[in-house]
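Here's the structure, in structure tokens; my notes come after.
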Amino acid sequence: MHYAPDTEDCPLPFSPFKSCTVPRPIGWLSTVSRDGVHNLAPYSQWQNLTFDPPMVMFAANQHPDGRRKDTVINAEETGWFVWNMATYALRDAVNISAMELAPEEDEFERAGVERAPCIDAPGARVAQSPCHFECKYLSTHRLPGNSPAGTIDVVYGQVMRIHVADDVILPSGKIDIPRIQPLARMGYYDYARITETFEMRIPSASSATEDGLEGKPTTPTTNKET
Ligand SMILES: Cc1cc2nc3c(=O)[nH]c(=O)nc-3n(C[C@H](O)[C@H](O)[C@H](O)COP(=O)(O)O)c2cc1C
């Protein structure tokens, strides 16, 4: 089957679009409002963009009445947002944090997770999550959709600090992903968890390509020769 979503009705009872873009990592994002209220929400329209420097993005749909999401407003107003890795063990808290609560309600408390302090960003990290990025807000790109809810704020940020819990770091220095079991968003009401990984290397890749793929750290700007 095929169809043109802009001009033809979907021939299936559920749109296949989101179910084709799987698995999506979850941007479980914490922010704080100008008034100091802690906010937490999952965003599966979330990705890394590049690694030198590390940059990320998330896309927030507007509410049907045209209001913008609190995460976007807080990131713009404070200049920061924080990514927390969503795990299978934390799935219920991730789900509860998606509830549309009034901006004055503390979503860490509602989701039943503890706050850990950030180093650079205002606001907090989810203490139970094993990995965090403190992200400096860069810009918002607004893309109009066919409806208020289809209209998105694409928010870009630069990762200024990376936290990884010591107990998920293997002797090799790599992260123990099967132990963490990151949560991924699928289509419909479905989720997946990563329980196993496997390796593949590009044949005859250049050493620069190998370094990028394996994740060799880049030189910080302050150490680069001018
Ligand atoms: C797993 C999951 C992924 C979600 N991904 C998105 C997303 O990518 N964009 C979005 O606008 N809303 C997404 N939502 C809905 C938001 O989490 C929800 O609207 C939330 O209340 C927004 O909170 P905020 O206004 O505090 O930012 C998602 C919900 C769940 C459960």
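Indexing begins at 1, ligand by ligand and atom by atom, following the structure's order.
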Review point. Which residue holds the protein heavy atom closest to atom 25 (O) of ligand 1, what is that atom called, and what is the gap in Å?
Key: Asp70 N, 2.9 Å
Exercise for review: Return the residue, atom name and 0.1 Å-rounded distance of the protein heavy atom closest to atom 12 (N) of ligand 1.
Suggested key: Lys69 NZ, 3.3 Å
Check your understanding: If you measure from each non-hydrogen atom of Ser97 to ligand 1, which part falls under 4.0 Å: side chain, backbone, both or neither?
Key -> neither
Exercise for review: Please write down residue, atom name and distance for the protein heavy atom closest to atom 7 (C) of ligand 1.
Suggested key: Tyr43 CD2, 3.5 Å
**Study point:** Interfacing atoms of ligand 1 (cut-off 4.0 Å, heavy-atom, Met99)
**Key:** 21 (O)
Review point. How far does NZ of Lys216 sit from OG of Ser207, to the nearest 0.5 angstrom?
Key: 9.0 Å
Check your understanding: Is the shortest side-chain N to carboxylate O distance from Asp106 to Arg115 below 4.0 Å?
Key -> yes
Study note, to complete from the structure: Given the options Phe81, Tyr156, Trp83, Phe58 meets ring pair (Phe, Tyr, Trp, His ring centres under 6.0 Å) only with Phe81
Practice item. Decide salt bridge (Lys or Arg N to Asp or Glu O under 4.0 Å) for Glu100 and Arg67; before the verdict, give the C-alpha distance in whole Å, the side-chain angles of both, and the deciding distance to 0.1 Å. Key: CA-CA 12 Å; Glu100 277 159 23; Arg67 279 177 304 117; 5.7 Å; no
Check your understanding: Distance-only, no hydrogens or angles: does the Arg185 side chain make a donor-acceptor pair with backbone N or O of Arg24 under 3.5 Å?
Key -> no
Exercise for review: Indicate, as side chain, backbone, both or neither, the part of Thr71 found under 4.0 angstrom from ligand 1 when only non-hydrogen atoms are considered.
Suggested key: both
Review point. Numbering the atoms of ligand 1 from 1, which are under 4.0 Å from a heavy atom of Tyr191?
Key: 1 (C), 31 (C)
Practice item. Kindly say whether Asn74 contributes a backbone atom to a donor-acceptor pair with the side chain of Thr31 at under 3.5 angstrom? Key: no
Check your understanding: How far is atom 20 (C) of ligand 1 from its nearest protein heavy atom, and which residue and atom name does that atom have?
Key -> Ala98 O, 3.4 Å
Point to revise | atom 8 (O) of ligand 1: the protein heavy-atom neighbour that sits closest, reported with distance to 0.1 Å | key: Gln45 N, 2.8 Å
Exercise for review: Please say which of Glu76, Gln62, His63 ends up in a side-chain hydrogen bond (donor to acceptor under 3.5 Å, both in side chains) with Arg68.
Suggested key: Glu76
Check your understanding: Identify the closest protein heavy atom to atom 9 (N) of ligand 1: which residue and atom is it, and at what distance?
Key -> Ala59 O, 3.1 Å
Practice item. List every atom of ligand 1 that sits less than 4.0 Å from any heavy atom of Ala60, numbering the atoms from 1 in the order shown and giving each element. Key: 11 (O)
**Study point:** Per-atom contacts, ligand 1 versus Glu107 - under 4.0 Å to a heavy atom
**Key:** 26 (O)
Check your understanding: Looking only at non-hydrogen atoms, which of Ser30, Pro42, Ala41 approaches atom 6 (C) of ligand 1 most closely?
Key -> Pro42
Practice item. Flag the pair Glu214 and Lys174 as a salt bridge only when some basic side-chain nitrogen lies within less than 4.0 angstrom of an acidic carboxylate oxygen. Key: yes
**Study point:** Shared hydrophobic cluster, Val154 / Trp46 (ILVMFWY, side-chain heavy atoms < 4.5 Å)
**Key:** no
Exercise for review: Please write down residue, atom name and distance for the protein heavy atom closest to atom 3 (C) of ligand 1.
Suggested key: Ser44 N, 3.6 Å
